[in-house]
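In what follows, every chain begins at residue 1, and chains take the letters A, B, ... in the order their sequences are listed. As a basis for the values below, the full set of heavy atoms in this structure was taken, side chains included, without hydrogen atoms, waters or symmetry mates. Values in this document were obtained by computation on a predicted structure and should not be read as measured data.
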Amino acid sequence: MSDFTPRSEFLQTLMARGYVHQCSDYEGLDALAARGEVIAYVGYDCTARSLHVGSLISIMMLSWLQKTGNKPIALMGGGTTRVGDPSGRDETRRILSLEDIENNKSGIQGVFDKVIQFGASRTDALMVDNAEWLTQLNYIEMLRDIGRHFSVNRMMSMDSVRMRLEREQELSFIEFNYMILQAYDFTELARRYGCNLQMGGSDQWGNIVTGIDLGRRMGTPQLYALTCPLLTTASGAKMGKTASGAVWLNADMLSTYEYWQFWRNTEDADVGRFLRLFTFMPLGEIARLEALAGAEINEAKKILATEATALMHGREAAEAAAETARTTFEAGGTAADLPSIEVAEAELKAGLGVLNAFVRAGLVASNGEARRQVQSGGLRVNDAVVTDIGQMLTLADATQAGAIKLSFGKKKHVLVRPA
RNA sequence: GGGGGAAUGUCCCGAGCGGCAAAGGGGGCGGACUGUAAAUCCGCUGGCUAAGCCUUCGCAGGUUCGAGUCCUGCUUCCCCCA
């Protein structure tokens, strides 16, 4: 749809910033948005205690929706998580206990009010849980009212299903039903709240369109679909993984320092795209930063890191992370608020083996890995490369700051504090 | 119900004459070069109290000095026939 020129601020912004992958009806949606009548939802499954950067694009979309005068709905998948979405999955998801789902839900909810305003006015956001209606469904009624609108022939041809079948992988009946529930969510939200747009990642296209179809058959007003691209780096790698795992949005799952570092390590080619997607900075300013060449683009990366971190962790924490990074990487010093662990003073007096220390700090997984890293020169104590696997750390190694700095590679540092 | 095939290093794919901590990829991590980038090159990618010991090839037994490899039973999946 490159020849389409939107009139609404909502679509103009989303298209200019690179959020749009596919839309079911650009003109129709644009007309709604121009009148401020879009009520859009994005669904989030409660599969972990925190969402990760992969969900951030859609959260930003909800935010822009509100900023441009429309109403966002954040849908918690308290019900659908009990079933499990097969999209993009090779294997059956583990079935989570109800208790886990509740815990995850409460962990996830917190991120939304950082970029979206909730309340009771026309453009204030709503948060709802699809467990509210899904758990009320009765099987026979559901088959009669909803199931009759679904064609198994069509369901079999959907990407999420076909992929499993073609690769001869298990697809359980419960998962096969996921799209029905998601489609039903859309119509239920349309009925309850006048919701008329569902947004999501491009892998959700099939499920969303199925919902539009169901809505039409069940008599809702016209519904719309809008998907965003899936997040990958310029070199094609899936984004959102670090050495320690996923890039979580919650600070208790991934520290502010590490979150800032994640953005700081963005590839050159991604800087402009990420600034548009993950910050609210004006496009003109972004264009200027993006144009920086060579080593100068590092300035843009720092701004990206601080702005993106400020959105999720607060301005103050983001500035602090930036400062920690500056003293650590640019001044070559030791910042006091690097991640740290405590070791009993008595233990340090007796002498703590380097290998053990690196394992305790969580920098390496095992003694064996620590040994191997010593071989390739990847471990440092107070910036001195470790060459002897028998080296002992004692209180005497603590610098003036009162801690011992352990480094793994060039970027990962942990302080050992006597306690 | 009958017949045939499959399951390998807890990231993934995948080889494996009875001597195997188990080929080769991908991914990941470290080093060099750089700009906390990319590309390229090199190394590593079961655990431990470490020239030794322990635990790994769907599960449980068996044969053998010795089993991922052979035999029996079981589980799960796929294909063909009914």
Item to check | A:L304 CG - B:G35 C1' separation (whole Å) | outcome: 16 Å

Checklist entry - What integer distance in Å separates A:E296:CD from B:U34:C1'? => result 16 Å

Next on the checklist: Is it the case that B:G35 (base atoms only) and A:D268 (side chain only) share a donor and an acceptor within less than 3.5 Å, ignoring hydrogens and angles?
Outcome noted: yes

Checklist entry - Is any side-chain N of the basic residue among A:E330 and A:K302 closer than 4.0 Å to the acidic one's carboxylate O? => result yes

Among side-chain atoms of [X] and [Y], is any donor-acceptor pair under 3.5 angstrom?
X	Y	result
A:S255	A:E258	yes
A:S58	A:Y19	no
A:Y178	A:D45	yes

Checklist entry - For the residue pair A:F329 and A:H413, is the inter-centroid distance of their aromatic rings smaller than 6.0 Å? => result yes

Checklist entry - Is the base of B:C20 syn or anti, if syn means a glycosidic angle within 90° of 0? => result syn

Checklist outcome for this item: Heavy-atom contacts, protein to nucleotides 51-57 of chain B, under 4.0 Å, summarised as B (base), S (sugar-phosphate only) or - (none) per nt, yield -------

Checklist entry - With both distances kept under 3.5 Å, what pairs with B:C70, Watson-Crick or G-U wobble? => result B:G62

Checklist entry - Among residues 368-379 of chain A, which residues get a heavy atom nearer than 4.0 Å to RNA chain B? => result A:G368, A:R371, A:R372, A:Q373, A:S376, A:G377, A:G378

